[in-house]
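The next block holds one structure in the form of structure tokens; read it before the comments.
Ligands are counted one by one from 1 in listed order, and the atoms in each one are counted from 1 as well. Along the sequence shown, the residues carry numbers beginning at 1.
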Amino acid sequence: MSDEHGTIESHPLQGETYPPSPEFRDRANVNDPSVYLRAAEDPEAYWASEAEKLQWTKPFEEILDWSNPPFAKWFQDGELNVSANCLDRHVAAGLGDRVAIHFEGEPGDTRTITYAELTSEVKRAANMLTSLGVSAGDRVAIYMPMIPEAVIAMLAVARLGAAHSVVFGGFSAESLRARIDDARAELVITADGGYRKGRVSALKPTVDDALALHGGGSSVERVLVVKRTGNEIEMQAGRDLWWHDEIVTYDDQHQAQGFPAENPLFILYTSGTTGKPKGILHTSAGYLTQVSTTHRNVFDLKPDTDVYWCTADIGWITGHSYVVYGPLANGATQVIYEGTPETPDWGRWWSIIQKYGVTIFYTAPTAIRACMKVGRQVPEQYDLSSIRVLGSVGEPINPEAWRWYREVIGAGSAPIVDTWWQTETGAIMISALPGLTSLKPGSAQVPQPGIDVNVVDDAGNRVDRGQGGLLTIRRPWPSMVRTIWGDDQRFIDTYWAKFGDQYFAGDGARVDDDGDIWLLGRVDDVMNVSGHRLSTAEIESALVEHHAVAEAAVVGADDETTGQAVVAFVILKSQQTILTPEAAEQELKKHVAAQIGAIARPRQVFVVTELPKTRSGKIMRRLLKDAAEGKDIGDTTTLADTSVMQTISDRMRAEL
Ligand code: WTA
């Protein structure tokens, strides 16, 4: 699958398309193509009819208020409770005995939780949080492994009209603290640890470190700790409480109250082009509408028979929208797995699919490529015949991985939906509909009904078919980011300044002759490593914080498995104490992991004596990226010092 440069490009064959089978089409939730036209003619009416499928404590009358762009308000005079829509509503409809979660812990422990049980647990947790002082308008940070309590915590916070800020468990103390401070969270919900790769990965000590940083004195008053791994941890009197000690003292009666449609539901931090992560704010009703609609349509969910599994962690937007809110709003039965795909061996995912009879499976291309590398003989040992829909998210899926996914995991017949969206869009924006679309490997294909995606040139005009440009969204959509928490100006500058009336996604794209959209990757300084967004600027600033580093440049180089990999080039200070470049490279990798989190650890760090700069002093990242990918560096005549690139390029080639 790699060409001579080690990239993951593989090209679709001319005219290679996979129409839905007549049997699939006939039974699909969406199989009438007129839905696109109907939604395009009156998107607001379309979304209103979708929103009406939710349970409202006060029905909305106004659909969209776009009088103050880019600040959208959807269904704003209506009221609902997000948590009750995911729980109580199903129990009231007589579905209390349906399994909500098949939980599989990494060590092999399991729990089956019905909708009735999940509802009781969330009510109990809501009572507990209320007595800890949480109420509407507050923020609660959640730093948890993938265990049912993570979902319970999110739904309990939402139930009270407060907002959660989930921080991925792989982030460092520094990163956690920055997010706690920015949101001014008063409570942190965490666990002693979680299981990852056969080991205990401690979490509570990182919370302790985070809260002790900058001389202590954070906004946090309480820390609730779920016992998961039993590793020894310190409990600070007056601040820290065990979840299990507390929760038993509350009953499971709790009447959910309706909150305004635009009540904040959560903040989720994501990397931008500057060093400081952006707090993406999502609100309640519009978000819930679009995640539930897309989950039902894109995955063709049949809640009474399907077993759905999305492998994302709740620390990312995919976990929010397609583990928690979409599936639970739709009354789905789903698998939640705590650990990694290779533990105890690479058969783990496939054994879980076989065990629970998973019918819909949603994962990332990087994971598919990793499984491909291990070989098809592993999944072939398991019965995967229950699978009927496959999904992909996080980065473009290369056609070769697409074909493998379809053939080996999908028995050569399961439709693959390649879903393009972002933390900011909240829900799927571009994807095939499996009962309607003839699939093309490598293309995310078509905007969802009611979604106005365009590929435009620099002036904001639509490009012709067959051309490339920038991806934008013209009309507001229900699950759109409402602002960057505490920074309206940054929200405007980041997404709206470029085109004025169109949301600029930061992705390049091409439209083919049929009008299908092909995503081409980020056009800004955001990298995509294993489907996770990382900012070059954030890693560069972590590097220069190290006492030995004078200057740093970071690029995302194509990587066969992870899509892109972090490659750093650093100039050391002349008076530094690390003696060899090898030692510096090791130390700086560790330093970045400690500063930001293991996901940001560079694949390579190169100690260099100069960085390629233009005569005006701008670092030429493009050249560094080519060098990191072993490509010809081409024209360097705009550089102030043309010998720099030759030296770097020679070193890189020696390494590759
Ligand atoms: C990329 C993840 C191509 C894209 C849901 C986007 C994709 C960024 C796809 C958002 C896809 C996501 N095809 N590229 N199907 N899905 N991306 O915020 O560059 O973690 O801007 O949201 O991932 O990443 P985020």
Side-chain angles (χ1 to χ4, degrees), residues 8-9 12 166 168 170-171 266-273 277-282 287 290-291 294-295 298 310-323 325-326 362-369 390-399 401-402 405 416-432 437 439-448 453 455 468 470-473 479-481 484 494-495 503-510 516-536 556 562-564 599-600:
I8 52 166
E9 284 163 34
V166 181
F168 174 60
F171 276 119
F266 64 85
I267 304 168
L268 184 60
Y269 288 84
T270 187
S271 298
T273 51
K278 302 176 284 199
I280 301 301
L281 177 70
H282 282 288
Y287 172 81
Q290 196 175 329
V291 294
T294 50
H295 182 254
V298 171
C310 166
T311 63
D313 190 282
I314 47 138
W316 309 111
I317 190 68
T318 309
H320 284 61
S321 302
Y322 298 104
V323 175
Y325 293 108
Y362 189 29
T363 194
T366 184
I368 299 164
R369 289 193 297 269
L390 294 170
S392 173
V393 60
E395 57 178 312
I397 177 166
N398 48 308
W402 194 102
Y405 196 26
I416 297 176
V417 286
D418 174 4
T419 61
W420 179 90
W421 57 295
Q422 309 178 297
T423 307
E424 292 88 341
T425 69
I428 294 169
M429 303 294 278
I430 307 175
S431 169
T437 316
L439 304 169
K440 283 184 193 167
S443 169
Q445 301 194 284
V446 276
Q448 287 301 290
V453 169
V455 179
L470 302 171
L471 195 77
T472 66
I473 307 163
S479 64
M480 70 192 281
V481 45
I484 291 175
T494 309
Y495 305 108
Y503 168 89
F504 173 47
D507 280 50
R510 190 172 68 79
D516 283 318
I517 297 172
W518 298 72
L519 277 308
L520 302 175
R522 302 287 304 192
V523 295
D524 53 13
D525 291 330
V526 172
M527 294 172 286
N528 189 328
V529 179
S530 297
H532 298 148
R533 268 165 78 169
L534 295 171
S535 145
T536 51
T562 57
Q564 287 188 317
I599 48 166

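Against a heavy-atom cut-off of under 4.0 Å, Leu519 is close to the following atoms of ligand 1: 3 (C). Taking every non-hydrogen atom of Val393 and a distance limit under 4.0 Å, the qualifying atoms of ligand 1 come out as 5 (C). Of all atoms in ligand 1, numbered sequentially from 1 with element shown, those under 4.0 Å from a heavy atom of Ile317 are 2 (C), 5 (C), 22 (O). The contact set between ligand 1 and Thr318, taken as ligand atoms under 4.0 Å from a residue heavy atom, comprises 5 (C). Counting the atoms of ligand 1 from 1 in the order shown, those under 4.0 Å from a heavy atom of Thr419 are 9 (C), 11 (C), 15 (N), 16 (N).
Remark: ligand 1 and Ser392 share no N or O pair separated by less than 3.5 Å (distance only, no angle test). Residue Arg522 places at least one N or O, backbone or side chain, under 3.5 Å from an N or O of ligand 1.
With hydrogens left out, the protein atom closest to atom 23 (O) of ligand 1 is Gly394 O, 3.3 Å, a heavy atom. Ranking protein heavy atoms by distance to atom 20 (O) of ligand 1, first place goes to Arg533 CD, 3.6 Å. Looking at atom 4 (C) of ligand 1, its nearest protein heavy atom turns out to be Asp507 OD2, 2.9 Å. Among all non-hydrogen protein atoms, the one lying nearest atom 18 (O) of ligand 1 is Thr423 OG1, 2.5 Å.
The residue from Glu424, Gln445, Glu395, His532 that puts a heavy atom closest to atom 14 (N) of ligand 1 is Glu395.
Under the 3.5 Å distance criterion, with hydrogens and angles disregarded, no donor-acceptor pair is assigned to the side chains of Trp402 and Asp418. A donor-acceptor contact closer than 3.5 angstrom links the side chains of Thr419 and Tyr362.
Checking Val446, Thr425, Ile473, Leu471 one by one against Ile430, the side chain to side chain contact (heavy atoms under 4.5 Å, CB included) holds for a single residue, Leu471.
Taking a 4.0 Å cut-off on heavy atoms, Pro396 registers as neighbouring ligand 1. Residue Trp421 places a heavy atom less than 4.0 Å from ligand 1.
Under the 3.5 Å distance criterion, the side-chain polar atoms of Thr294 are matched with a main-chain donor or acceptor of Val291. Side-chain atoms of Arg533 come within 3.5 Å of backbone atoms of Ser271 as a donor-acceptor pair (strictly under, hydrogens ignored).
When all heavy atoms of Ala600 and Leu534 are compared, the pair lying nearest together is CA-CD1, 4.0 Å. Thr366 approaches Thr562 most closely through the heavy-atom pair OG1-CA, 3.4 Å.
Atom CZ of Arg510 and atom CG of Asp516 lie 10.0 Å apart (nearest 0.5 Å).
The ring pair (Phe, Tyr, Trp, His ring centres under 6.0 Å) search around His532 returns Trp316, not counting sequence neighbours.
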### Task
Decide yes or no on side-chain hydrogen bond (donor to acceptor under 3.5 Å, both in side chains) for Thr423 and Tyr269, but give the supporting numbers first.
CA-CA 9 Å; Thr423 307; Tyr269 288 84; over 6 Å; no
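Within the 4.0 Å heavy-atom criterion, the part of Asn528 lying near ligand 1 is the side chain and not the backbone.
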